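Structure record follows, encoded as structure tokens.
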Amino acid sequence: MISIKDFERSDIEYILDEASKLENIAKSKEVCEELKGKILSLMFFEPSTRTKMSFETAIKRLGGECIGFENSRSSSVSKGESIADTAKMFEGYSDALVIRHEYEGVSKFISDIVDVPVINAGDGAGQHPTQTLLDLFTIKKEIGEIDNLKIALIGDLKFGRTVHSLANALGLFKNMKIYLVSPPELKMPNEILHDLNKTNIEYEEVESIEKIIDDVNVLYITRIQKERFVDIEDYIKIKGAYIINKKMLEGKDLIVMHPLPRIDEIDSDVDNTKYNKYFSQAANAVPVRMAILNTLIKNNPK
Ligand code: NCD
């Protein structure tokens, strides 16, 4: 599972349906035996809270276990071992690999050299397909459908891998419009616009939230990806460009989503309103990642 671009609509619907079936186990904090005896490798070369913890929770609720590391310093990569050798080791120890790395393409590279399923948990400014599946699960659960929606993707559209994957996935649905809201320096890359041009999705690039807030079902806001800036001065100029607060939302019929972590994009006064769907979005990671693991590991003949 490297890029959401490899998915058809029916693949996405399959995972979302499977996740719905597993939601009870996730919610009631039970454990089943679906993946009893299976071991998942978590290879996190880049920091993570939600993605790593929810994969860990997902495999444990399915009756399996996990091994791994949470930064390059705690693996032999810090001694100079290649990523390829490290991946080969984990292939020998486990049934699937979850990889997060600061460079785009690393999960693809690993998937080409190992024989177990590989899941991209975020590769640089590239893709984050499992986040997209839980984002779509949240939209479907909260709004009832994914077709016929107007969704604003806001913030760092240049470096944000969650919005790259999500934009690609939304292109598979019907009668959709997306507003791409960013400062000029952080616009959606041409490659993704090119992908969108090949679908029926309508998109519009704008610079202010005020312009679109009355017209959308979902505000999907993202953090400016500080770690991807070569010159920190460029980050300082842009940070704080978009902030949503309770007052802006009053009277609107929409939901607010965020892949988290948030820095200052959503004022904490939104947390206790009906608009806040970002915490349940984070919780939805467990049933969705359970569905992903079940699909890839249980059904894998190896
Ligand atoms: C995102 C990521 O790592 O790309 N976080 C996540 O997985 N929920 C978003 C981010 O770091 O801004």
Side-chain angles (χ1 to χ4, degrees), residues 1-5 15 19 40 42-59 68-72 98-108 119-139 151-169 180-183 185-186 188-189 192 218-229 235 238-244 255-266 276-290 292-293:
M1 193 175 280
I2 303 299
S3 165
I4 205 78
K5 290 204 239 176
I15 298 283
L40 180 68
L42 301 174
M43 301 171 62
F44 279 71
F45 297 92
E46 212 192 27
S48 169
T49 303
R50 273 148 296 273
T51 305
K52 183 169 173 296
M53 301 301 169
S54 59
F55 265 115
E56 219 171 309
T57 309
I59 187 74
F69 54 86
E70 52 193 2
N71 55 58
S72 305
V98 179
I99 322 264
R100 170 169 288 191
H101 200 281
E102 65 183 300
Y103 294 136
E104 218 171 309
V106 167
S107 322
K108 169 77 177 83
I119 302 171
N120 177 5
D123 62 333
Q127 286 263 323
H128 197 347
T130 65
Q131 176 71 40
T132 293
L133 292 167
L134 74 92
D135 293 342
L136 295 174
F137 182 83
T138 305
I139 293 172
I151 300 181
L153 305 181
I154 306 165
D156 189 345
L157 306 186
K158 180 178 180 190
F159 296 120
R161 54 199 174 198
T162 64
V163 278
H164 296 167
S165 292
L166 184 55
N168 279 135
L180 303 171
V181 188
S182 74
E185 299 86 342
L186 297 179
M188 188 62 94
I192 309 266
V218 181
L219 290 176
Y220 186 102
I221 187 154
T222 61
R223 154 183 92 85
I224 310 285
Q225 307 279 301
K226 182 180 178 186
E227 67 276 29
R228 313 260 179 252
F229 282 73
Y235 166 76
I238 291 169
K239 85 179 165 80
Y242 299 110
I243 297 179
I244 293 177
I255 60 170
V256 177
M257 294 176 62
H258 192 307
L260 304 177
R262 74 173 144 180
I263 309 305
D264 54 7
E265 309 80 48
I266 306 175
N276 167 8
K277 297 299 172 203
Y278 34 94
F279 293 144
S280 47
Q281 180 186 359
N284 289 337
V286 175
V288 172
R289 291 190 165 121
M290 284 170 80
I292 292 166
L293 294 176

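Values reported hereafter were calculated over all heavy atoms of this structure, with side chains retained and with hydrogens, waters and symmetry mates removed. Note that ligands are numbered from 1 as they come in the structure, with each ligand's atoms numbered from 1 the same way. The shown structure was predicted, so the numbers you read here are calculated from the model rather than taken from an experiment.
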Mark yes or no for whether [X], through its side chain, and [Y], through its backbone, hold a donor-acceptor pair below 3.5 Å.
| X | Y | answer |
| --- | --- | --- |
| H101 | A121 | no |
| S165 | T162 | no |
| Y278 | V256 | no |

Test item, R100 contacting ligand 1 (heavy atom, 4.0 angstrom): yes
Test item, T222 contacting ligand 1 (heavy atom, 4.0 angstrom):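 False for this residue.
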Cation-pi geometry met for R100 and F44 (6.0 Å, 45°):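 Not flagged: R100 not positioned over aromatic ring of F44.
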K52 atom NZ, over 12 foreign heavy atoms within 6.0 Å: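 Counting neighbours around NZ of K52, more than 12 heavy atoms of other residues, nucleotides or ligands fall under 6.0 Å, so yes.
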R262, R161, Q131, Q127: member with heavy atom nearest to atom 4 (O) of ligand 1: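 Going through R262, R161, Q131, Q127 one by one, R161 has the nearest heavy atom to atom 4 (O) of ligand 1.
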Sidechain N-carboxylate O distance under 4.0 Å for E46, R228: yes
Nearest-neighbour protein heavy atom for atom 9 (C) of ligand 1, which is reported as residue plus atom name and distance: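 Nearest protein contact, heavy atoms only, for atom 9 (C) of ligand 1 is L260 O, 3.6 Å.
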Atom 8 (N) of ligand 1 [closest protein heavy-atom partner, distance rounded to 0.1 Å]: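 Here the closest protein heavy atom is P259 O, 2.9 Å.
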Ligand-side contact atoms (ligand 1) for residue partner H128, heavy atom cut-off under 4.0 Å: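 Selected atoms, number and element: 2 (C), 4 (O), 6 (C), 7 (O).
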For T51, atoms of ligand 1 separated by under 4.0 Å from a heavy atom: 6 (C), 7 (O)
Any N/O pair R223/ligand 1 closer than 3.5 Å: yes
N or O contact, P261 vs ligand 1, cut-off under 3.5 Å: no
Distance-minimising heavy-atom pair for K158 and P189: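 K158 and P189 have their closest heavy atoms at O-CG, 3.8 Å.
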